[in-house]
Visitor: 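First the structure, then my questions, so here it is.
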Amino acid sequence: MKPKRVRSRLEKQGIRGPSPSFLLGNISEIKKIQHEEEASSSIAAQQKVGMISHNWPPTAFAYLEKYKNDYGPIFMYSAGSIQIICITEMDLVKEVNQCTSLSLGKPSYLSKDRGPLLGQGILASSGPLWAHQRKVIAPQLYLEKVKGMVKLMVDSTLSLVKAWESRIESEGGVAEISVDTDMKSLAADVISRACFGSSYSKGQEIFSKFGLLLEVMSKEPVGVPGLRYLPTKNNREIWRLEKEINLMILQVVKDRSESSCEKDLLQMILEGAKSCGDYNGVPLNISCDKFIVDNCKNIYFAGHETSAITAAWSFLLLALYPEWQDRVRAEVLKVCKGNPPNSEMLRSMKIVTMVIQETLRLYPPAGFVFREALDDIKLKDIVIPKGMGIQVPIPILQQNPDLWGPDAHQFNPERFANGVIGACKIPQAYMPFGAGPRSCAGQHFAMAELKVILSLLVSKFSFSLSPKYRHSPVVRRILEVARSDVHDYEFYNRLSTESSQDKFIVDNCKSIYFAGHETSAVTTSWVLLLLAAHPEWQAHLRAELLEVCRDGYPDADLLPNLKTMTMVIQETLRLYPPVGLLPREALQDIKFKDIVIPKGMEIRIPIAMLQQDPDLWGSDAHQFNPERFAHGISAACKIPQAYMPFGIGPRICAGQHFAMTELKVMLSLILSKFCVSVSPKYHHSPVYRLVVVPEHGVNLYVTKI
Ligand code: HEM
């Protein structure tokens, strides 16, 4: 049904929402609301004075808060071609959760726009195909089966315990550990063992590629018509990874003999694939191979990052609330008596359970329960038209003070002492694992895994917060409908509007920060990378520094004598100019040479291309050769005006002397103390994101001289 008709049917029933624009719907507006909120977020403000607030949903979902205030607890909005009704009213939430009709399915964009990740597996499918998959997969994750998997969870966690023990010892008793990274590897190990049994190392390889696919796909918005078919660089990478992953999974299946007695999740998917022809006589239209591949990917997707991030949040909260850390440790010691936990012990851990429940309330990994009306469907007294997406925002409901009391934004596991029913006025508002027939099939698995991880690590280690930690929960929009990128447009718009005095001050502070921050930072990184790749120039520079500065630091008088340094920076700025394009707009008709450029036309000068044009710079234009600047810019290039890393003309960078001084000071201090070489992890991929940046960062080996 056409979006306009769908909306008008809901409008007639009193449901309102912002008017959508053609093609993008409310995507641009949503993006703007988010930008504004994130810039002035109270979380950021509190962070500055060293406080951590758990009330993050109003920032991460600022657009939903705004629409809720403007249009009431049930409202609609539009994300590209997708029409969505968002429900925060509990009576209707309950109806959605209790609805068992197959007419309420998963949004079709999940298997379309997110096809390479989810395909038609259990997470994304609907109707009889989902019902068949649920019947195959869910029983394998029931409590009884999970009991048999506790040992593999313990084995994985004990490997991490060993690794942390030796690290802490080598670092003198205290180590600063990036817990979220380690939790990701641990959860990947657990799910690989559970899914692939004895072939789990192959599984790990597959899933590490899947992690890459996830990362590439998180850059792609959903809901923008036709986008997934375009052969963009990102899409081509997605297609390549998808093909590789699918082939690798099928190879593991092929290697597994017919008579395999494995009891892992893959085996049960293989069994299920044998009967994937029909469900109660309804043909399912899915090949065996696709059934297997998509469900392997779904289980990994559903069960990896969710558990990893929950474990990481739990440790953060325990570090923030040492009294709860002590209570967890005391309980584990009492229950396990120094032994690794088994399923019986896990069942007796009340405090650990409460801490996990409270963590999942404040930081639920899934932002929404998503559904789609596959037919017109009546929920309470609202008929939701076929094709409408339905969203229930989990974090907003789980921190609603009307439901949870005045301490709704605080960490207080005690509220779960008498279970979920004792914790919340309407217990159905607690839904970290979703609700109803489509609730998380792996929740017993996840709870067991989290209890194993927490109990083992808290009994062996004590956690406190590193001063480097910055609290900034964000929503990675993998499954949520997206907002397209209008960043460049907004940036230039903001620079050109000056009205009040305050605005003048605020906008110019922001402009100076924007203009002077990332540009200098990224140039320093590129210089260091180029010097790491060209050790002969690194040696020249170091010799110059010794000669000019002796053992001292460079001061204003010495800096002009650093000739080699200037050449190296100039050559870096030629090859990697942070500002790749110079934009202008004709505010009136304007004549250049014999071309009249009409008012309103944007003009772009591609700096990066001009600075590597062999006709201007010679046959070594693409090579790093600072020598070309030995006699200044005019000798380096046939037409010196083609060198414009700082722009050109009356609008040339006002901070170029500041930048050159900053670069020289930073580089001379770094290089006089350290030697750099390229790490094998470095992957060269310069990309243009407002400034030209190394896509995967710059990994260097740094050794002290
Ligand atoms: C803390 C950890 C986890 C959280 C918070 C979580 C949360 C969720 C949520 C919110 C859903 C969607 C429910 C709905 O739409 O109503 C879901 C679905 C699902 N989860 Fe989990 N999950 C976790 C771990 C796991 C694990 C470890 C596995 C597998 C081993 C798993 C397997 C699944 C599956 C198969 C589904 C699809 C169910 C269906 O559509 O029928 N999850 N999960």
Side-chain angles (χ1 to χ4, degrees), residues 93 96-100 102 104-107 110-111 118 120-127 129-143 145-146 149 152-153 156 183 186-196 203 207 264-266 268-269 272 294-314 353 356-372 389-395 397-398 428 430-454 478-480:
V93 169
V96 173
N97 290 345
Q98 281 158 12
C99 177
T100 52
L102 286 184
L104 201 61
K106 280 290 173 97
L110 291 181
S111 46
L118 304 174
Q120 290 177 272
I122 180 172
L123 270 173
S125 58
S126 297
L129 178 56
W130 163 74
H132 174 65
Q133 299 185 116
R134 179 91 190 185
K135 210 167 134 195
V136 170
I137 291 170
Q140 304 302 323
L141 294 165
Y142 286 167
L143 194 54
K145 298 273 179 165
V146 169
M149 301 181 197
L152 72 87
M153 296 169 183
S156 295
M183 288 306 121
L186 175 56
D189 194 59
V190 170
I191 200 77
S192 304
R193 284 173 198 256
C195 199
F196 284 94
F207 288 152
D264 52 24
L265 298 177
L266 176 62
M268 111 248 147
I269 294 174
D294 288 356
N295 278 303
C296 276
K297 290 200 270 186
N298 276 224
I299 289 190
Y300 182 76
F301 181 85
H304 169 222
E305 197 135 323
T306 44
S307 301
I309 194 70
T310 306
W313 286 124
S314 309
T353 310
I356 297 171
Q357 283 174 319
E358 181 69 340
T359 306
L360 283 168
R361 184 184 72 83
L362 289 172
Y363 298 97
F368 295 95
V369 165
F370 292 109
R371 299 288 183 266
E372 183 175 306
I390 301 168
Q391 272 185 348
V392 178
I394 303 172
L397 294 179
Q398 292 192 167
Q428 289 86 343
Y430 185 66
M431 50 177 107
F433 293 109
R438 296 221 51 162
S439 67
C440 173
Q443 56 185 299
H444 297 300
F445 183 102
M447 284 304 284
E449 181 184 12
L450 289 165
K451 286 185 195 178
V452 167
I453 295 175
L454 247 69
I478 297 263
L479 296 190
E480 195 190 333

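Atoms considered below: every heavy atom in the structure, side chains included; atoms not considered: hydrogens, waters and symmetry mates. Just follow the structure's listing: the first ligand is 1, and inside any ligand the first atom is 1. Just so we're clear, the structure is a prediction, and the values are computed from it rather than from any experiment.
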Visitor: Quick check on contacts: which atoms of ligand 1 are under 4.0 angstrom from a heavy atom of I191?
Guide: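 Close to I191: 30 (C).
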Visitor: Is the shortest side-chain heavy-atom distance between E372 and I390 below 4.5 Å?
Guide: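 E372 vs I390: side chains apart.
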Visitor: What atoms of ligand 1 come closer than 4.0 angstrom to any heavy atom of I122?
Guide: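 This gives 35 (C), 39 (C), 40 (O), 41 (O) as the contact atoms.
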Visitor: Report yes if R438 has an N/O atom closer than 3.5 Å to an N/O atom of ligand 1; otherwise report no.
Guide: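 In this structure, R438 places an N or O atom under 3.5 Å from an N or O of ligand 1.
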Visitor: State, with a plain yes or no, whether a side-chain heavy atom of Q391 is found less than 4.5 Å away from one of F370.
Guide: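 Counting from C-beta outward, Q391 and F370 do come under 4.5 Å.
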Visitor: Hey, are the side chains of K145 and F445 touching, using non-hydrogen atoms and a 4.5 Å cut-off?
Guide: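 Answer no - side chains too far apart.
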Visitor: Counting C-beta onward and ignoring hydrogens, is there a side-chain heavy-atom pair between M149 and L265 closer than 4.5 Å?
Guide: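 When only atoms from C-beta onward are counted, L265 and M149 do touch, with a gap below 4.5 Å.
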Visitor: R371 versus P107: any side-chain heavy-atom pair under 4.5 Å?
Guide: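 No, every pair of side-chain atoms sits at 4.5 Å or beyond.
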Visitor: Taking atom types as modelled, is there a side-chain donor on Q133 or N295 under 3.5 Å from an acceptor on the other?
Guide: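 The answer is yes; a qualifying pair exists.
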Visitor: Determine, using heavy atoms of H304 and all atoms of ligand 1, whether some pair is separated by less than 4.0 Å.
Guide: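 H304: no contact with ligand 1 (<4.0 Å).
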Visitor: Do V136 and I269 have side-chain heavy atoms sitting under 4.5 Å apart?
Guide: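 With C-beta onward as the side chain, the pair stays apart.
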Visitor: Just which atoms of ligand 1 are under 4.0 Å from any heavy atom in L123?
Guide: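 What qualifies from ligand 1 is 18 (C), 19 (C), 36 (C), 37 (C).
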Visitor: Quick one: look up the protein heavy atom nearest atom 39 (C) of ligand 1 and list residue, atom name and how far away it is.
Guide: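 Result: R134 NH1, 3.4 Å.
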Visitor: Within the structure, does T310 bring an N/O atom to less than 3.5 angstrom of an N/O atom in ligand 1?
Guide: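 The answer is no, given that T310 and ligand 1 share no N or O pair closer than 3.5 Å.
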Visitor: Is there a polar contact, in the sense of an N or O pair closer than 3.5 Å, between R371 and ligand 1?
Guide: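 Between R371 and ligand 1, an N or O pair is found under 3.5 Å apart.
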Visitor: Side chains of I309 and W313: does their closest heavy-atom pair fall under 4.5 Å?
Guide: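 In short, these two side chains touch, coming nearer than 4.5 Å.
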Visitor: With a 4.0 Å heavy-atom cut-off (strictly under), which part of F370 contacts ligand 1: side chain, backbone, both or neither?
Guide: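 None of F370 does.
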Visitor: Considering only heavy atoms of P432, which atoms of ligand 1 have at least one such atom less than 4.0 Å away?
Guide: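 Counting from 1, the qualifying ligand atoms are 5 (C), 7 (C), 10 (C).
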Visitor: For Q398 and L362: C-alpha separation, side-chain torsions, deciding distance, then whether side chain to side chain contact (heavy atoms under 4.5 Å, CB included) applies.
Guide: CA-CA 7 Å; Q398 292 192 167; L362 289 172; over 6 Å; no
Visitor: Side-chain donor-acceptor contacts of residues 432-442 below 3.5 Å, not counting sequence neighbours, with atom names and distances?
Guide:
residue, atom, partner, partner atom, Å
R438, NH1, S125, O, 2.7
R438, NH2, I122, O, 2.6
R438, NH2, S125, O, 3.1
S439, OG, G436, O, 3.2

Visitor: Quick one: does any side-chain atom of Y430 pair with a main-chain N or O of Q357 as donor and acceptor, under 3.5 Å?
Guide: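 At least one qualifying donor-acceptor pair exists.
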Visitor: Could you tell me, atom by atom, which parts of ligand 1 come under 4.0 Å of a heavy atom of W130?
Guide: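 Those atoms are 39 (C), 40 (O), 41 (O).
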Visitor: Which N, O or S atoms belonging to the protein are less than 2.8 Å from atom 21 (Fe) of ligand 1?
Guide: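 Near atom 21 (Fe) of ligand 1, the protein supplies C440 SG.
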